[in-house]
Visitor: 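Input: one structure, supplied below.
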Amino acid sequence: MKKLRVLGISFALASCFLLAGCGNEKVLTCSINQKQSGLSMDQIAEITFNDDKVTNVKLTVDSKATSDTIKDNWDTFTKSLDSQFPDSNKTGIKLTKENKEKDYTYKITIDVDVTKAKDEDLAEYDLDGLADAEGTYDSVKEQAEKSGFTCK
C-alpha cells in the first residue's frame, strides 16, 4: 500500500511553510478534512516562527475508517502504515502513531525541531530541505488556502 497520500500532501505543505516570519514568536495553523477511499482524514500543520526563522513544524494526520472495507481490513491497513512510518525519536524529529482499533482511527504525528533536525534524517520522511525553504508568512498562508486548507 502506498504511504498515506494525505501525509505526503501535508509534508509538501510543510515544506512550503518554512519561511521567514515577522516579529518574535508566531504560529501559523492550517487544517483540512479530506474524504477518500473509505477514510476521513483531518490534517493539521502548525508552523512556529521565532524572529525571522521557522523553528518548529508539527504535522498531524488523523484518519478514521468510514467504509466497511477499511474496517474489515483494519489490521492490514495499520500494519502497512506502521511499517512505512516507524516511530522516531531522532534528534529534532519525533514521529508517533496512535491506533485506536475499537474506533477505527489512526493518527500519525511528526514534530520537527528545525533548528536541530539533520537533513539526512528528514529525508526519511520526504522532508529534506525543510530548513532551507523560503517564503513569507502571508505567502505560505495564501498558498495553503489555495490548496484547500483553512489557516489562522
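This is a predicted model, so every value here is computed, not measured. The figures here come from the full heavy-atom set of this structure, side chains too, leaving out hydrogens, waters and symmetry mates.
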Visitor: Of the non-hydrogen atoms in Ser80 and Ser83, which two are nearest, and what is the gap between them?
Guide: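 Looking at all heavy atoms of both residues, the closest pair is O-OG, 2.9 Å.
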Visitor: State the CD-CD1 distance between Glu124 and Ile110, to the nearest 0.5 angstrom.
Guide: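 The distance works out to 9.5 Å.
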Visitor: Going from OG1 on Thr66 to CD on Gln36, what distance comes out if it is rounded to the nearest 0.5 angstrom?
Guide: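 Reported value, rounded in 0.5 Å steps: 10.0 Å.
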Visitor: Which residues pass the side-chain contact (heavy atoms from CB on, under 4.5 Å) test with Thr29, not counting sequence neighbours?
Guide: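 Scan of Thr29 (side-chain contact (heavy atoms from CB on, under 4.5 Å), adjacent residues dropped) gives Val27, Ile44, Glu46, Lys152.
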Visitor: More than 12 non-hydrogen atoms from neighbouring residues, nucleotides or ligands closer than 6.0 Å to NZ on Lys90, yes or no?
Guide: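 Buried by this count: over 12 neighbours within 6.0 Å.
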Visitor: Only counting residues at least two apart or in another chain, list the ones meeting salt bridge (charged side-chain N to carboxylate O under 4.0 Å, His left out) with Asp111.
Guide: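 Partners of Asp111 by the salt bridge (charged side-chain N to carboxylate O under 4.0 Å, His left out) criterion come out as none, since no residue qualifies.
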Visitor: Distance check, rounded to the nearest 0.5 Å: Tyr104 atom OH versus Leu39 atom CG?
Guide: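 Going from OH on Tyr104 over to CG on Leu39, the span is 13.0 Å.
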Visitor: Lys58 versus Thr60: any side-chain heavy-atom pair under 4.5 Å?
Guide: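 They are in contact (side-chain heavy atoms under 4.5 Å apart), so the answer is yes.
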Visitor: Name each donor-acceptor pair under 3.5 Å that joins a side chain in residues 95-102 to protein atoms two or more places apart or in another chain, with its distance.
Guide:
| unit_1 | atom_1 | unit_2 | atom_2 | d |
| --- | --- | --- | --- | --- |
| Lys97 | NZ | Phe85 | O | 2.7 |
| Lys97 | NZ | Asp87 | OD1 | 2.8 |
| Asn99 | OD1 | Trp74 | NE1 | 3.0 |

Visitor: Just jot down the side-chain contact (heavy atoms from CB on, under 4.5 Å) partners of Asp113, sequence neighbours excluded, or say none.
Guide: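 Residues passing side-chain contact (heavy atoms from CB on, under 4.5 Å) with Asp113: Asn56, Thr115, Lys116.
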Visitor: For atom NZ of Lys71, decide whether the heavy atoms of other residues, nucleotides or ligands shown that lie under 6.0 angstrom number more than 12.
Guide: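 Yes, the 6.0 Å shell around NZ holds more than 12 heavy atoms from other groups.
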Visitor: Are any non-hydrogen side-chain atoms of Ile32 and Thr150 less than 4.5 angstrom apart?
Guide: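 No, every pair of side-chain atoms sits at 4.5 Å or beyond.
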Visitor: Let me confirm one number: the OG-CG distance from Ser67 to Asp72, rounded to the nearest 0.5 Å.
Guide: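 Going from OG on Ser67 over to CG on Asp72, the span is 8.0 Å.
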Visitor: Going by heavy atoms in the side chains, are Leu28 and Lys141 under 4.5 Å from each other?
Guide: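 Yes, close enough: below the 4.5 Å cut-off.
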Visitor: Could you pull out all residues at least two apart from Glu142 that satisfy salt bridge (charged side-chain N to carboxylate O under 4.0 Å, His left out)?
Guide: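 Scan of Glu142 (salt bridge (charged side-chain N to carboxylate O under 4.0 Å, His left out), adjacent residues dropped) gives Lys146.
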Visitor: What pair of heavy atoms forms the shortest contact from Gly38 to Ile70, and how long is it?
Guide: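 Shortest heavy-atom separation between Gly38 and Ile70 comes out as O-CG1, 3.7 Å.
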Visitor: Does some side-chain heavy atom of Thr105 sit less than 4.5 Å from a side-chain heavy atom of Ser63?
Guide: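 No, their side chains stay 4.5 Å or more apart.
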Visitor: What closest approach, in Å, do Ile93 and Ala117 show between heavy atoms, and which atom pair accounts for it?
Guide: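 Where Ile93 meets Ala117 most closely, the heavy atoms are CG1-CB, 3.8 Å.
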Visitor: Tell me, yes or no, whether the heavy-atom count around Lys64 atom NZ, taken from other residues, nucleotides or ligands under 6.0 Å, exceeds 12.
Guide: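 It does: Lys64 NZ has more than 12 such atoms within range.
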Visitor: So do the side chains of Leu59 and Gln43 get within less than 4.5 Å of each other, counting heavy atoms only?
Guide: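 The answer is no; the side chains never approach within 4.5 Å.
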Visitor: What residues, two or more places apart in sequence or in another chain, satisfy side-chain contact (heavy atoms from CB on, under 4.5 Å) together with Asn33?
Guide: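 Checked Asn33 against side-chain contact (heavy atoms from CB on, under 4.5 Å); matches are Lys35, Ser40, Asp42.
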